[in-house]
*Asks:* 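This is the structure, below, for whatever I ask next.
Here the structure is a predicted model, which is why all the values come from computation and not from measurement. Atoms considered below: every heavy atom in the structure, side chains included; atoms not considered: hydrogens, waters and symmetry mates.
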Amino acid sequence: MAKILLIEDSPTDRAVFSQWLEKAGHQVVATDNAEEGLTLAKGQLPDLVVMDVVLPGMSGFQATRAMSRDEATKHIPVLIVSTKGMETDKAWGLRQGAADYIVKPPREEDLIARIAELVG
C-alpha cells in the first residue's frame, strides 16, 4: 500500500487516523506541525500527505502551498482533513494545491476511499 505522511496536531485525531490507515495496510509517518511535516515530506517522499489546517505555527494551507511549489514535493497529493468546513475554506485549500478536502470528523470508510483514489 502507500506511505502516508499525517500532519495533525490533535493527539486523538492523529492516533485514530493512524490506526485507520494502518488497518487499511498503509505505512504512516506522523507529526504534529507543518514545519516538521515539510521536512519529512522532502526526506521521506510519501505517496500522500493527510494535512490538518489549524496547526501550531505554519497553517496547513501554508504548508500545502509550500509543498505544491517545491520541485521535490509538488507531485505528492495533499488531502486536507479539517474542521474548517465552509465552502470558502474548501475552495482556498484546493487553490493552495490540495488534491482533495474532507471536513472533520470523517467516516473511516470515506477517508480510506478518498486515499485509495488519490494514491491510485
*Asks:* Minimum heavy-atom separation for Ala41 and Pro46, please, with both atom names.
*Replies:* O-CD, 3.5 Å
*Asks:* Rounded to the nearest 0.5 Å, what separation is found between the CE atom of Met51 and the OH atom of Tyr101?
*Replies:* 12.0 Å
*Asks:* Is the shortest heavy-atom distance from the side chain of Val50 to the side chain of Ile80 under 4.5 Å?
*Replies:* no
*Asks:* Under 4.5 Å between side-chain heavy atoms, hopping through other hydrophobics if needed: is there a path connecting Val54 to Leu94?
*Replies:* no
*Asks:* With the 4.5 Å side-chain cut-off for hydrophobic clustering, are Trp20 and Leu48 part of the same group?
*Replies:* yes
*Asks:* Within this structure, what is the CZ-CD distance for the pair Phe17 and Glu22, rounded to the nearest 0.5 Å?
*Replies:* 13.5 Å
*Asks:* With rounding to the nearest 0.5 angstrom, report the CG to CG distance, Asp13 to Asp32.
*Replies:* 12.5 Å
*Asks:* Within a strict 4.5 Å, meaning less than it, do heavy atoms of the Pro106 and Val81 side chains meet?
*Replies:* yes
*Asks:* Quick check for you: to the nearest 0.5 Å, what is the distance between Thr39 atom OG1 and Gln44 atom CD?
*Replies:* 11.0 Å
*Asks:* Less than 4.5 Å apart, side chain to side chain, heavy atoms only: is that true for Leu5 and Leu40?
*Replies:* yes
*Asks:* Quick one: are Ile76 and Leu45 in side-chain contact, heavy atoms under 4.5 Å?
*Replies:* yes
*Asks:* Determine whether a donor-acceptor pair (N or O, by modelled atom type, separation under 3.5 Å) exists between the side chain of Asp47 and the backbone of Lys3.
*Replies:* yes
*Asks:* State, to 0.1 Å, how close Ser18 and Val28 come at their nearest heavy-atom pair, and which atoms those are.
*Replies:* OG-CG1, 3.6 Å
*Asks:* Under a 4.5 Å cut-off applied to non-hydrogen side-chain atoms, are Met67 and Leu38 in contact?
*Replies:* yes
*Asks:* Tell me whether Glu71 is salt-bridged to Lys42, with the criterion being a basic N under 4.0 Å from an acidic carboxylate O.
*Replies:* no
*Asks:* So, Arg14 and Asp52, do they make that salt bridge, N to O below 4.0 Å?
*Replies:* no
*Asks:* Apply the side-chain contact (heavy atoms from CB on, under 4.5 Å) test between Asp9 and each candidate in Leu55, Asn33, Thr31; give the one that qualifies.
*Replies:* Leu55
*Asks:* Measure the spacing between CD1 of Ile7 and CD of Glu36 and express it to the nearest 0.5 Å.
*Replies:* 9.0 Å
*Asks:* If two hydrophobic side chains count as joined below 4.5 Å and joins carry through other members, does Leu6 share a cluster with Leu79?
*Replies:* yes
*Asks:* Testing the 3.5 Å rule here: is there a donor-acceptor pair between the side chains of Gln96 and Thr64?
*Replies:* no
*Asks:* Would you call Ile102 and Asp110 a side-chain contact if the rule is heavy atoms closer than 4.5 Å?
*Replies:* no
*Asks:* Is it true that Glu117 and Arg114 have a side-chain N and a carboxylate O under 4.0 angstrom from each other?
*Replies:* no
*Asks:* Between Phe61 and Lys84, is any pair of side-chain heavy atoms under 4.5 Å apart?
*Replies:* yes
*Asks:* Any side-chain heavy atom of Ile115 sitting closer than 4.5 Å to one from Ile4?
*Replies:* yes
*Asks:* Which value, rounded to the nearest 0.5 Å, describes the distance between Trp92 atom CH2 and Ser59 atom OG?
*Replies:* 10.0 Å
